[in-house]
4 protein chains.
Amino acid sequence: MPRAVREQQMLDAAVRTFGQRGYRAASMDEIAELAGVSKPLVYLYLNSKEDLFIACIRREAKALTTAVRAGVHPGLPADRQLWEGLTAFFTHTAQHPDGWTVLHLQARTHGEPFAAEVAALRADMVAFVTEVIVVAAREARRDPSLPEREVAGLAEALVGAAESLAAWANATPGVTARQAAATLMNFAWAGLGELMGGRPWAAPSGAEAVPAG
Amino acid sequence: MPRAVREQQMLDAAVRTFGQRGYRAASMDEIAELAGVSKPLVYLYLNSKEDLFIACIRREAKALTTAVRAGVHPGLPADRQLWEGLTAFFTHTAQHPDGWTVLHLQARTHGEPFAAEVAALRADMVAFVTEVIVVAAREARRDPSLPEREVAGLAEALVGAAESLAAWANATPGVTARQAAATLMNFAWAGLGELMGGRPWAAPSGAEAVPAG
Amino acid sequence: MPRAVREQQMLDAAVRTFGQRGYRAASMDEIAELAGVSKPLVYLYLNSKEDLFIACIRREAKALTTAVRAGVHPGLPADRQLWEGLTAFFTHTAQHPDGWTVLHLQARTHGEPFAAEVAALRADMVAFVTEVIVVAAREARRDPSLPEREVAGLAEALVGAAESLAAWANATPGVTARQAAATLMNFAWAGLGELMGGRPWAAPSGAEAVPAG
Amino acid sequence: MPRAVREQQMLDAAVRTFGQRGYRAASMDEIAELAGVSKPLVYLYLNSKEDLFIACIRREAKALTTAVRAGVHPGLPADRQLWEGLTAFFTHTAQHPDGWTVLHLQARTHGEPFAAEVAALRADMVAFVTEVIVVAAREARRDPSLPEREVAGLAEALVGAAESLAAWANATPGVTARQAAATLMNFAWAGLGELMGGRPWAAPSGAEAVPAG
DNA sequence: GATGAATGAGACTTCATTCAT
DNA sequence: TATGAATGAAGTCTCATTCAT
């Protein structure tokens with residue numbers, strides 16, 4: 001069996017184990033057994049527990065950003081781009097719950113070296129959202145634009161809300177990725193005030209929008 | 001030295017250690033040393049590492065909900081109540097960063113018994129936000145109201161955004177609690193769409209609002 | 001409350017705890033609590049765990065030998081003396097099961113200092129039995145007597161059988177002290193060979209003898 | 001070095017340590033050192049202190065019953081069978097004093113899980129003796145046989161006497177297994193009364209019988 | 001006389017990691 | 001390449017014992 005395949009099996013096992021047990025509670029024994037290989041082989045390929053965990057983070061982060069990027073068409077209006085990005089995001093996190101747990105919870109909880117790895121992922125997401133906000137501002141011919149820190153805060157809030165909703169959707173049976181995306185679009189784009197006034201964001205056809213009341 | 005005082009010292013040390021190292025990586029030795037007592041005394045008072053962690057969670061959760069509740073005046077309009085709650089929330093999390101880390105990250109990452117403890121706290125927050133949304137809907141004479149699951153999703157998104165912003169504000173020098181609250185109010189109340197159109201939420205005087213462009 | 005009384009309460013608690021948990025597993029905390037006093041008081045009166053255990057052994061040993069001695073009338077024939085001694089022995093061990101456990105099991109299992117204490121008790125019992133054998137030999141006008149080592153072995157066997165039967169009787173519901181004594185008298189005095197031939201030892205009236213077949 | 005060998009070395013060390021120190025006082029450190037291996041290896045092979053102790057009990061119990069069974073020829077008369085069994089028993093216990101201590105003292109003193117293990121061994125012995133008694137009764141054409149409880153008591157007494165004599169023989173220099181067996185045969189078969197009358201059990205040639213006086 | 005408060009020492013157990021083959 | 005065998009280090013927890021009052 002070629003090395004690359006074996007390595008992916010190990011990473012699969014590691015992501016699952018780290019996601020369910022946590023970094024410290026996961027034992028190399030368990031990971032090796034789940035991967036169907038001997039422990040020394042894991043060390044031969046991945047060096048150490050720390051390196052193994054970092055490899056997991058990188059693989060899952062790359063898979064997530066790739067999925068989101070692939071779901072967005074750059075030329076569209078800002079709201080449409082955001083909608084596509086969110087849908088891709090919630091779809092991916094729903095399909096890879098252990099990977100998402102590793103990224104969202106475990107990697108941030110177990111010390112600097114790992115937190116730094118996820119920071120890159122987050123920066124990517126925030127950059128995507130920031131870009132969308134900038135596009136939206138341009139569409140609205142708004143100039144001068146919002147202060148930079150304000151935009152950073154908004155992007156942070158949106159990403160945080162998305163992360164939180166992903167965990168919520170994974171834990172709540174019956175919530176689909178599109179529903180989660182629609183909820184967040186309403187919240188983010190129209191705002192609670194507009195929602196209350198009966199003016200939700202107009203979802204593209206097929207999205208479960210809030211009824212106009 | 002009386003027992004109650006010693007116990008608080010131990011909890012202080014534990015919150016700090018758990019917050020910085022994580023539940024598993026924190027050692028009872030380190031906690032005892034930081035508290036200035038011997039390890040057996042920690043066990044005598046707090047029983048076990050698990051019980052100690054739960055005691056930390058409960059103390060910090062109570063402190064946070066108490067602070068938020070104390071900051072809100074029930075009779076005010078919905079947006080004003082939300083603003084007050086957020087301000088109190090960001091103020092408290094900024095003043096107790098380790099406590100916030102314990103609640104937001106550590107408690108959710110290390111197994112059911114702890115996650116269950118935080119769930120109560122989160123339920124409290126979501127309930128507060130839900131209540132505000134309901135009040136806002138009533139103010140807008142909106143009837144019939146939003147579907148229940150939609151409201152739950154919105155509340156979840158808002159709480160998630162707040163949690164995320166709290167961590168961001170703690171990690172970004174120069175961001176005050178009021179700024180964080182203002183950013184989130186804009187985001188949540190006006191929505192990105194309105195913001196882009198130059199119609200932000202009108203912050204009460206003293207809040208750092210987004211300039212109207 | 002006078003010291004002597006308190007001390008007895010402590011010994012009561014200790015015998016019970018040692019008997020049920022064993023020497024090492026019994027904790028001074030548990031003993032103090034069961035005695036209804038504080039731990040330092042136990043140390044004030046009894047010095048150390050080791051001393052406390054030795055005090056238990058001595059008290060229980062003395063109580064047992066006193067009971068056996070009180071039950072025997074010196075002038076009687078040998079078999080009658082043995083019968084009385086055994087009856088007293090089984091009666092006492094049935095009434096003080098924890099004390100008997102301490103003497104029979106715990107004291108012999110936890111190192112020299114304690115085993116030495118029980119050795120004295122055992123020497124007493126063996127001496128009693130030896131004396132009975134000598135009397136019996138004299139009654140049979142048997143001369144020269146049995147070799148000394150042979151007598152020692154016989155006494156040892158009889159005492160061992162008695163000890164074993166005491167534990168058996170305590171653990172088997174419905175076995176009375178008199179029945180245990182009768183069984184052992186038959187075994188010891190008549191021997192299996194005679195028993196099989198239908199010639200059991202003639203128990204004094206009131207004893208449950210083996211029917212003559 | 002193959003695993004099976006190492007495991008026996010560990011059990012050897014454990015039996016010796018448990019036998020001399022007792023279950024609680026024996027430390028895994030000491031056992032590992034005596035076995036010439038590291039402590040984790042002991043855990044790898046034997047799981048836990050409790051499992052290690054149980055493994056010791058089982059091995060020693062099996063060795064003892066195997067030795068006794070191998071020493072007895074089923075077709076012989078009852079007294080001869082008993083004699084053979086006792087000789088094998090005393091021989092084995094003399095050759096494995098620590099194993100005997102573990103079975104006779106330690107296993108019974110440290111809680112139910114262990115006591116239950118030895119109970120099986122003891123049941124085996126009592127069954128053997130009971131069988132002999134039944135055979136003896138048949139040889140003597142004794143009918144109806146003794147009451148069941150009476151037989152149980154006799155068997156218990158004989159086994160108890162044997163156990164006690166084994167410890168005594170181990171502790172008394174110069175007492176051989178055959179002497180111990182002869183003493184007990186006299187005691188059990190002829191009975192003290194017959195012995196006093198100068199009619200001992202007739203030992204097979206080679207056994208150190210009591211001189212007929 | 002009596003105790004609440006406190007600890008040094010040591011127990012069992014687990015785990016990341018490495019050789020020798 | 002792949003692994004069976006092995007361990008140093010560290011963690012949680014318990015307990016006999018002693019002060020200061």
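To find a chain, count down the sequence lines: A is the first, B the second, and so on, and within it residues start at 1.
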When D:S38 and B:E50 are each assigned the nearest nucleotide of DNA chain F, the 5'-most assignment goes to D:S38
Which nucleotide wins on minimum distance to the side chain of A:S27, given the candidates E:dA16, F:dG4, E:dA6? E:dA16
Starting at atom CG of D:D29, determine the distance to atom C1' of E:dC12, rounded to an integer number of angstrom. 9 Å
More than 12 foreign heavy atoms under 6.0 Å from CD of A:E33: is that the case here? no
N/O donor-acceptor pair, side chain A:K39 with base E:dT17, under 3.5 angstrom: yes
Just how far, in rounded Å, is P of F:dA10 from CZ of A:R24? 11 Å
C:H104 (side chain) donor-acceptor with C:W100 (main chain) under 3.5 angstrom: no
State the pairing partner of F:dC15; accept Watson-Crick or G-U wobble contacts with both distances under 3.5 Å, and report none otherwise. E:dG8
Nearest to the side chain of B:Y45, which nucleotide is it out of E:dT13, F:dT17, E:dA5? E:dA5
Select one nucleotide: of E:dT13, F:dT17, E:dT17, the one nearest the side-chain heavy atoms of A:S48. E:dT17
Could you tell me whether D:A26 contacts a base, only the sugar-phosphate backbone, or nothing, with contacts defined as non-hydrogen atoms closer than 4.0 Å? sugar-phosphate
Nearest whole Å is fine: how far is F:dT12 C1' from B:R21 CZ? 17 Å
Please compare D:V37 and B:Y23 by the position of their nearest nucleotide in DNA chain F and report the one closer to 5'. D:V37
Write down the distance between CE (B:M28) and C1' (F:dT14), rounded to a whole number of angstrom. 13 Å
Distance check needed: F:dC19 C1' versus C:L44 CG, whole Å only. 13 Å
For E:dC19, does either OP1 or OP2 sit under 4.0 Å from a side-chain N or O belonging to A:Y43? no
Whole-Å distance separating the CD1 atom of D:I31 from the P atom of E:dT13: 11 Å
Do B:R122 and B:R108 make a side-chain contact, defined as non-hydrogen atoms from C-beta onward lying under 4.5 Å apart? yes
Take C:P40 and B:P40, find for each the nucleotide of DNA chain E with the closest heavy atom, and name the residue whose nucleotide sits nearer the 5' end. C:P40
Minimum-distance pair of heavy atoms, taken over all atoms of B:F18 and B:Q106: O-CG, 3.5 Å
For B:R6, answer base if it contacts any base atom (sugar-phosphate contacts may also be present), sugar-phosphate if it contacts only those atoms, and nothing otherwise; contact means non-hydrogen atoms under 4.0 Å. sugar-phosphate
CG of D:L46 versus P of E:dT14: gap in Å, rounded? 13 Å
Spacing of D:L41 atom CG relative to F:dG4 atom P, expressed in whole Å: 15 Å
With a 3.5 angstrom cut-off on both distances, give the Watson-Crick or G-U wobble partner of F:dA20, or none if there isn't one. E:dT3
Heavy atoms only: give me the nearest D:A166-D:T93 pair and the separation to one decimal. CB-OG1, 3.7 Å
